[in-house]
Amino acid sequence: MKGTVIYKILKDHLLEGELTPGKEIGIRIDQTLTQDATGTMAYLQFEALGIPRVRTELSVSYVDHNTLQMGFENADDHIYLQTVNSRYGIYHSKAGNGICHQVHLERFARPGATLLGSDSHTPTAGGMGMIAIGAGGLDVAVAMGGGPFYLTCPKVVRVLLRGALRPWVSAKDVILTVLSILTTKGNVGTAIEYAGDGVQTLSVPERATITNMGAELGVTTSIFPSDEVTRAFLKAQGREQVWKEILPDASPGYARTIEIDLSSVVPMAALPHSPDNVKKVSELKGILIDQVAIGSCTNSSYRDLMTVAAILKGKKIAPSVSLGIAPGSRQVFEMIAENGALADLIAAGARVLESACGFCIGSGFAPKSKGVSLRTNNRNFEGRSGTRDAGIYLVSPETAALSVLEGKLVNPLDYPADEYPRIPQPATFLIDDSMILPPQFEKTEIVRGPNIGEPPYTEPMAENLKGIVGLKVGDKITTDHIMPAGSRLKYRSNIPAYARYVFESVDETFSSRALENKKMGVFTAIVAGESYGQGSSREHAAICPMYLGVRAVMAKSFERIHSANLVNFGILPLVFMNPDDYNHIQQGDAFEIANARNQVARNGEHIEAIIGGKKILFTLFATARQREILLEGGLLNYTKKRF
Ligand code: MIC
Ligand code: SF4
């Protein structure tokens with residue numbers, strides 16, 4: 001895999017380990033990004049590390065998730081972020097400037113660099129030919145302090161794109177096609193590299209739509225080569241000087257190749273409640289819809305919004321449907337306002353939403369009960385929209401725009417090819433970075449309102465872990481199940497308050513039961529099926545359970561970011577050696593991991609537990625370094641000692 005784009009960049013950044021798939025490596029991080037919902041915790045932890053200034057080439061903090069400001073909490077977070085950023089050397093992108101991934105792509109991403117972000121969709125920047133990885137806030141804090149980022153060296157799967165997309169089919173349909181092949185399960189330890197002559201037919205924002213939803217595959221990252229198309233985009237952003245060409249060698253040898261003929265890709269949709277529940281739009285036509293939402297970090301570029309505006313120009317949306325539009329960045333917003341496209345959208349009946357995550361994270365624009373919503377974002381987990389029984393369909397901007405006119409799902413391929421609006425990339429984008437505040441360092445006093453809590457406190461691992469199985473859940477438990485977002489997002493900076501909602505949508509009694517047990521010295525374990533911890537990078541899905549006394553999660557398999565977060569907060573990610581054992585555990589069973597510290601320290605061997613009176617064997621999903629972190633009670637304690 002030596003000559004792959006991914007290995008070339010990894011090689012340039014390798015600090016520890018060897019580039020062999022499956023082995024742990026440590027890499028240098030050039031850039032970091034955070035967003036407000038994960039950022040407050042990341043900066044509280046950065047402060048706790050006691051480092052005077054960030055040591056990266058560039059660190060940016062975005063405010064894009066919690067912008068509703070229903071009460072003081074969000075605004076407290078924003079001012080804390082603005083001042084803590086200024087103090088420690090971090091650029092601060094203010095609320096209103098746009099969604100982190102879209103803005104980063106426009107203004108900061110650069111080919112050949114590494115980016116670590118406290119958001120699972122950080123690989124959006126892979127569309128620019130960089131290695132961009134999502135991680136928990138604490139991992140990002142450590143990288144800001146100049147520490148390496150550790151990951152399992154991935155195996156590289158090549159997606160070979162041939163030909164060109166036909167009219168009415170776009171990048172979203174490509175990634176939904178990839179999701180229909182690879183699904184959301186079983187891709188841990190893999191990275192995806194796009195290649196082939198089809199690559200040059202896709203602009204950087206289209207490439208970014210594809211790498212963005214690599215997060216839904218559960219891969220470590222996704223990347224496109226850096227070529228003349230990349231150069232043209234950077235030039236139009238006034239940043240041509242950071243361009244460099246990065247192409248794969250002639251035959252670098254991939255773990256697997258999947259070939260996709262772009263000319264045969266058709267409009268696709270992901271049905272409720274999983275991004276890999278993909279079907280052809282042609283099979284779904286006629287489904288009545290209640291709302292359409294266009295935006296999010298997946299599909300909110302200038303090209304996407306202009307395409308939608310061109311489709312809606314001079315027409316009216318169906319009376320039964322509500323249309324929400326959220327431009328991905330202030331750059332996009334201002335450009336469509338200046339050229340009149342925004343007026344076309346408003347005239348058609350669009351409700352103009354803020355340039356922020358908004359509807360994507362259940363912050364506003366929730367559908368009605370049992371509502372059907374077509375959306376251009378990337379996740380349609382149950383309840384994520386804010387309405388538990390709503391059904392969310394993920395589609396391209398083209399499918400969304402045509403359907404909103406009809407009030408039902410339509411197939412874009414039924415429309416004349418010559419009516420397809422092809423939006424050229426502008427020769428220059430509108431550049432105004434005035435809402436990205438540069439740091440002022442010592443001059444800034446950090447403002448901490450009442451919503452700003454303490455960094456999470458953890459203790460070294462106990463000698464024996466004893467307690468009860470507090471919850472048994474099935475496959476594909478997402479971090480949205482574990483730690484709801486939406487109206488609960490405002491508690492992100494306050495762990496005791498947020499912990500009240502752990503597993504709220506699964507079992508409302510879990511949190512209070514676990515906390516009661518903890519007070520009596522009884523730990524909690526969670527038992528789960530496949531792919532535990534899918535979705536977001538939110539480390540609160542580990543911090544809050546840790547706060548409630550959870551010390552082990554026993555699952556058939558784990559997703560990458562979440563299992564790392566569990567380790568970072570001292571929770572054992574245990575994988576059943578015999579998956580059938582899952583069937584023999586009941587909620588409420590007592591568990592004991594005797595000599596837990598010794599068992600964890602013995603690298604490579606299994607972990608033995610007694611659960612409900614039976615002996616059950618697990619593999620600890622952790623490297624030698626992570627075992628030390630677990631013993632010390634988490635990454636903060638571990639790093640403080642070493643920095
Ligand atoms: C998401 O899309 O789920 C989020 C909200 O952006 C999360 C981060 C978070 O929970 O704050 C993510 O993708 O990592
Ligand atoms: Fe924001 Fe949605 Fe993107 Fe997450 S997936 S960063 S909530 S727009």
Side-chain angles (χ1 to χ4, degrees), residues 33-42 61-68 74 77 81 93 95 98-105 116-125 132-140 172 175 208-209 211-216 218 275 293-301 304 324 326-329 332 353-365 375-381 383-386 392 394 478-493 498 501 533-544 559-562 564-565:
L33 75 75
T34 57
Q35 38 88 340
D36 51 315
T38 55
T40 48
M41 222 15 91
S61 160
Y62 295 89
V63 177
D64 54 2
H65 279 62
N66 278 326
T67 57
L68 272 187
N74 300 166
D77 287 358
L81 288 169
S93 174
I99 304 173
C100 55
H101 308 303
Q102 176 67 26
V103 179
H104 206 83
L105 191 73
L116 192 71
S118 62
D119 191 280
S120 65
H121 291 103
T122 303
T124 311
I133 302 178
L138 182 49
D139 280 323
V140 176
K172 182 62 150 285
I175 185 61
T209 294
T211 55
N212 172 280
M213 278 191 84
E216 277 50 71
I294 293 168
S296 90
C297 58
T298 319
N299 276 120
S300 61
S301 66
D304 290 331
S329 67
V332 173
L353 309 173
E354 225 185 323
S355 178
C357 299
F359 68 83
C360 175
I361 188 59
S363 238
F365 209 64
R375 300 182 164 206
T376 64
N377 62 306
N378 44 36
R379 289 187 174 144
N380 57 349
F381 304 142
R384 181 176 160 105
S385 65
I392 310 298
L394 307 177
T478 70
T479 51
D480 280 274
H481 289 111
I482 306 169
M483 253 352 307
S487 59
R488 309 297 185 209
L489 263 179
K490 64 181 181 185
Y491 301 117
R492 282 288 175 92
S493 314
Y498 200 26
Y501 306 105
Q534 274 191 13
S536 117
S537 68
R538 65 191 70 147
E539 60 188 353
H540 297 78
I543 302 176
C544 294
E559 290 301 311
R560 175 187 66 88
I561 306 180
H562 185 61
N565 284 336

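The first residue in the sequence is number 1, and the count goes up from there. Atom set for the values below is all heavy atoms of this structure, side chains included, hydrogens, waters and symmetry mates excluded. All ligand and atom numbering here is 1-based and tracks the order in the structure.
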Using a strict cut-off of 4.0 Å, indicate which atoms of ligand 1 neighbour a heavy atom of R492. 9 (C), 10 (O), 11 (O)
Are R384 and ligand 1 in contact, using a heavy-atom cut-off of under 4.0 Å? yes
Looking only at protein heavy atoms, identify the closest one to atom 7 (C) of ligand 1 and say how far it is in Å. S536 CB, 3.2 Å
Pull out every atom of ligand 2 sitting under 4.0 Å from any heavy atom of H101, numbered as shown with elements. 6 (S)
Out of M213, H65, Q35, whose heavy atom sits nearest atom 4 (Fe) of ligand 2? H65
I'd like to know whether ligand 1 has M483 as a neighbour, heavy-atom separation below 4.0 Å. no
Could you establish whether D119 and ligand 2 come within less than 4.0 Å of each other, counting only heavy atoms on the residue side? yes
Less than 3.5 Å between some nitrogen or oxygen of S118 and one of ligand 1, yes or no? no
Distance-minimising heavy-atom pair for E559 and G533: CB-O, 3.6 Å
Smallest separation among heavy atoms of M213 and P275, with atom names: CE-CB, 4.3 Å
Answer side chain, backbone, both or neither: which part of H65 comes under 4.0 Å from ligand 1, heavy atoms only. side chain
Nearest non-hydrogen protein atom to atom 10 (O) of ligand 1, with distance, is R538 NE, 2.6 Å
Closest non-hydrogen atoms of I361 and R538, given as atom of the first, atom of the second and distance, are CD1-NH2, 3.7 Å
List ligand 1 atoms under 4.0 Å from S537, heavy atoms only on the residue side. 12 (C), 14 (O)
Atom OG1 in T479, atom CD in Q534: separation rounded to 0.5 Å? 9.0 Å
Just checking, any donor-acceptor pair under 3.5 angstrom between side chains of T122 and D119? no
Is there at least one pair of N or O atoms, one from T38 and one from ligand 1, spaced under 3.5 Å apart? no
For atom 13 (O) of ligand 1, closest protein heavy-atom neighbour: S120 OG, 2.6 Å
For atom 1 (Fe) of ligand 2, the closest protein heavy atom turns out to be C357 SG, 2.3 Å
At what distance, to the nearest 0.5 angstrom, does CG of D139 lie from CD1 of I561? 9.5 Å
What atoms of ligand 2 come within less than 4.0 Å of a heavy atom belonging to H121? 5 (S)
S120 and R379 side chains, donor-acceptor separation under 3.5 Å: yes
Tell me the closest heavy-atom pair linking S493 and T40, and the distance in Å. OG-OG1, 3.0 Å
One finds that the ligand 2 atoms under 4.0 Å from a non-hydrogen atom of N378 are 5 (S)
What residue and heavy atom of the protein are closest to atom 3 (Fe) of ligand 2, and at what distance? C297 SG, 2.3 Å
Distance col, row C357:SG vs D36:CG, nearest 0.5 angstrom, shows 7.5 Å
Among all protein heavy atoms, pick out the one at the shortest distance from atom 2 (Fe) of ligand 2; state its residue, atom name and that distance to 0.1 Å. C360 SG, 2.3 Å
Are side-chain N/O atoms of N66 and D77 paired as donor and acceptor at under 3.5 Å? no
Would you say H562 and S536 make side-chain contact, with heavy atoms under 4.5 Å? no
Partner of Y62 under side chain to side chain donor-acceptor pair (under 3.5 Å), chosen from H101, Q35, Q102, H104: H104
Find all atoms of ligand 1 within a distance of less than 4.0 Å from any non-hydrogen atom belonging to A37, and give their numbers and elements. 11 (O)
If you count the atoms of ligand 2 from 1 in the order shown, which ones are under 4.0 Å from a heavy atom of I361? 7 (S)
Of all the atoms in ligand 1, which lie at a distance below 4.0 Å from a heavy atom belonging to I361? 5 (C)
At what distance is the nearest protein heavy atom to atom 8 (C) of ligand 1, and which residue and atom is it? Q35 NE2, 3.2 Å
Search all heavy atoms of G98 against all heavy atoms of S355 and return the closest pair with its distance. CA-OG, 3.4 Å
In ligand 1, the atoms that come under 4.0 Å of a heavy atom of D119 are 4 (C), 6 (O), 7 (C), 8 (C), 12 (C), 13 (O), 14 (O)
Under a 3.5 Å cutoff, is there a donor and acceptor pairing between the side chains of R488 and Y498? no
